[in-house]
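Below is one structure; the comments refer to it alone.
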Amino acid sequence: MTDRIEGKYDAIILQERTFNEADVMVTALTADIGHQTFIARGLKKEKSRLRGLIAPFSECRLQLVAGKGLPVLTGADLIDAHDAIRNNYRYSVAALYICDLFHQMTVENEPNAGRYELLRDGLALLPTVRAWQWILYMEWALLKDAGFAADLDRCSVCGERLPGYREAPVAGADGEFIHKDCQEDGAGASLPVAAFAYLQYLDRADLRHLGHILLTEPARRQVYDYLGQRYQYILDFPLASRQSVRHLFASPSLDK
Ligand SMILES: [Zn+2]
C-alpha cells in the first residue's frame with residue numbers, strides 16, 4: 001500500500017468525468033500505485049496545456065501531488081496518444097470498454113505491474129487486429145491474469161483430459177469445462193467446437209496469428225457470451241460498456 005501519492009507515474013488514462021466547470025476527475029491505471037483517481041485542474045479551459053493529452057487510453061507520465069481530498073495532477077508528458085485507435089470508431093469503442101474493465105479489475109493503491117503491462121501491450125496490439133478479436137483476447141488474458149480463467153485441458157469434475165478439437169466439452173454453470181458424461185442434470189451448455197478451440201487458441205496467445213484467425217459471427221458471439229458469463233461471477237455489477245461493444249461482433253468479418 002502506498003500512503004502518499006507524490007511523484008511521477010507511467011499511466012494509462014481509463015476514464016474522465018466532469019468535476020466542476022473547469023476541472024476534470026480522471027482515473028488512470030499505473031504500474032506502481034494501481035488505479036488512481038485524481039483531479040486535473042483547469043483541464044476544460046481552452047488554454048490548458050494538458051488538454052488533448054489527458055484522454056481515455058492515452059499513455060502518459062503523470063506528475064501527481066497529494067491534495068486535500070484526491071491527488072492533483074501538476075504535469076504530464078505524453079508517451080503515446082494511440083491515434084490509430086482514436087481515429088477509428090470501432091477501435092475506440094473497444095478500447096473504452098477494455099479500459100472500463102481494467103478499472104473494475106484493478107485496485108486503487110495496489111501495485112500490479114503485470115496488469116498494467118497487459119493493458120499497455122494490448123493497446124499497442126489493437127490497430128493490427130479486428131476489434132472483436134482484440135476484445136476476446138483481452139478478456140481472456142485478463143481473466144487468466146486474475147486467476148479466473150477456466151482450465152481448458154482438464155475436466156473440472158473428474159480431472160481427466162478434455163476431448164479437445166473433435167468434440168467440445170460442456171461448460172458448467174460456473175464456466176468451468178467438463179465432460180458430457182460428468183455433467184449433472186443439464187447444468188451448463190455445450191460450447192461449439194469452433195468456439196472452444198478459439199478459447200484454446202487465446203490461451204496459447206501466440207499473437208502473431210491473432211489477426212488471421214477468423215470465426216463465423218455465431219461462434220464469435222458464443223465466445224463473447226461465454227466470457228460475459230464468466231465476468232458476471234467476478235464483477236459486482238454488469239458493465240454497460242460491455243453491451244456497447246456487442247455490435248462489433250457482427251459481420252462483415254473484414255470490417256475492423
Ligand atoms: Zn470428466
Side-chain angles (χ1 to χ4, degrees), residues 94 97-98 100-102 104-107 112 114-115 117-119 121-122 125 129-239 241-243 245-246 248-251 253:
Y97 159 58
I98 292 295
D100 192 14
L101 187 62
F102 270 73
Q104 305 303 325
M105 295 285 290
T106 51
V107 180
N112 192 331
R115 208 65 56 93
E117 281 163 23
L118 181 60
L119 182 57
D121 297 349
L125 173 74
V129 298
R130 290 170 181 81
W132 65 265
Q133 291 168 328
W134 186 74
I135 291 167
L136 298 181
Y137 163 69
M138 292 299 286
E139 286 195 334
W140 179 264
L142 183 55
L143 272 182
K144 201 171 174 179
D145 189 60
F148 290 106
D151 190 334
L152 301 177
D153 296 321
R154 305 229 165 236
C155 171
S156 76
V157 173
C158 71
E160 296 294 319
R161 288 200 79 80
L162 289 167
Y165 288 101
R166 274 162 306 172
E167 184 197 347
V170 170
D174 58 357
E176 294 288 342
F177 290 99
I178 54 181
H179 293 112
K180 281 201 173 73
D181 293 342
C182 292
Q183 187 182 17
E184 283 179 22
D185 332 320
S190 181
L191 208 62
V193 175
F196 184 70
Y198 196 74
L199 283 181
Q200 288 180 313
Y201 167 73
L202 291 178
D203 195 51
R204 288 192 298 273
D206 184 349
L207 298 178
R208 286 170 302 172
H209 306 303
L210 183 65
H212 301 300
I213 298 187
L214 300 178
L215 281 179
T216 60
E217 188 179 329
R220 275 179 230 167
R221 289 193 190 279
Q222 281 149 358
V223 179
Y224 171 73
D225 290 340
Y226 165 76
L227 291 171
Q229 283 167 17
R230 199 72 181 155
Y231 274 104
Q232 262 181 17
Y233 281 93
I234 303 169
L235 298 173
D236 297 335
F237 51 91
L239 295 182
S241 55
R242 193 173 198 272
Q243 276 306 311
V245 299
R246 197 172 174 81
L248 299 179
F249 289 81
S251 289
S253 64

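Each residue takes its place number in the sequence, starting with 1. Worth saying up front: this structure is predicted, and the values here are computed from it rather than measured. Note that ligands are numbered from 1 as they come in the structure, with each ligand's atoms numbered from 1 the same way.
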* Partner set under side-chain contact (heavy atoms from CB on, under 4.5 Å) for Asp153, not counting sequence neighbours ->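 Asp153: side-chain contact (heavy atoms from CB on, under 4.5 Å) contacts with Asp151, Arg161.
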
* Asked: Who passes side-chain contact (heavy atoms from CB on, under 4.5 Å) against Phe237, sequence neighbours left out?
  ->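 side-chain contact (heavy atoms from CB on, under 4.5 Å) check on Phe237 returns Gln104, Leu239.
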
* Could you grab the protein N, O or S atoms closer than 2.8 Å to the Zn ion (ligand 1) for me? =>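 Only Cys155 SG, Cys158 SG, His179 ND1, Cys182 SG fall inside 2.8 Å of the Zn ion (ligand 1).
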
* Separation between OH of Tyr97 and CG of Leu248, rounded to the nearest 0.5 Å ->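 Answer rounded to 0.5 Å: 11.5 Å.
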
* Asked: Hey, is Glu176 close enough to Arg154 for a salt bridge, meaning N to O under 4.0 Å?
  ->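 No, no charged N to carboxylate O under 4.0 Å.
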
* Asked: What ring pair (Phe, Tyr, Trp, His ring centres under 6.0 Å) pairs are there with at least one residue in residues 202-232, not counting sequence neighbours?
  ->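 Applying ring pair (Phe, Tyr, Trp, His ring centres under 6.0 Å) to every pair that reaches into residues 202-232, excluding sequence neighbours, yields Phe177-Tyr226, Tyr224-Phe249.
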
* side-chain contact (heavy atoms from CB on, under 4.5 Å) evaluation trace for Leu207 with Tyr137 -> CA-CA 9 Å; Leu207 298 178; Tyr137 163 69; 3.5 Å; yes

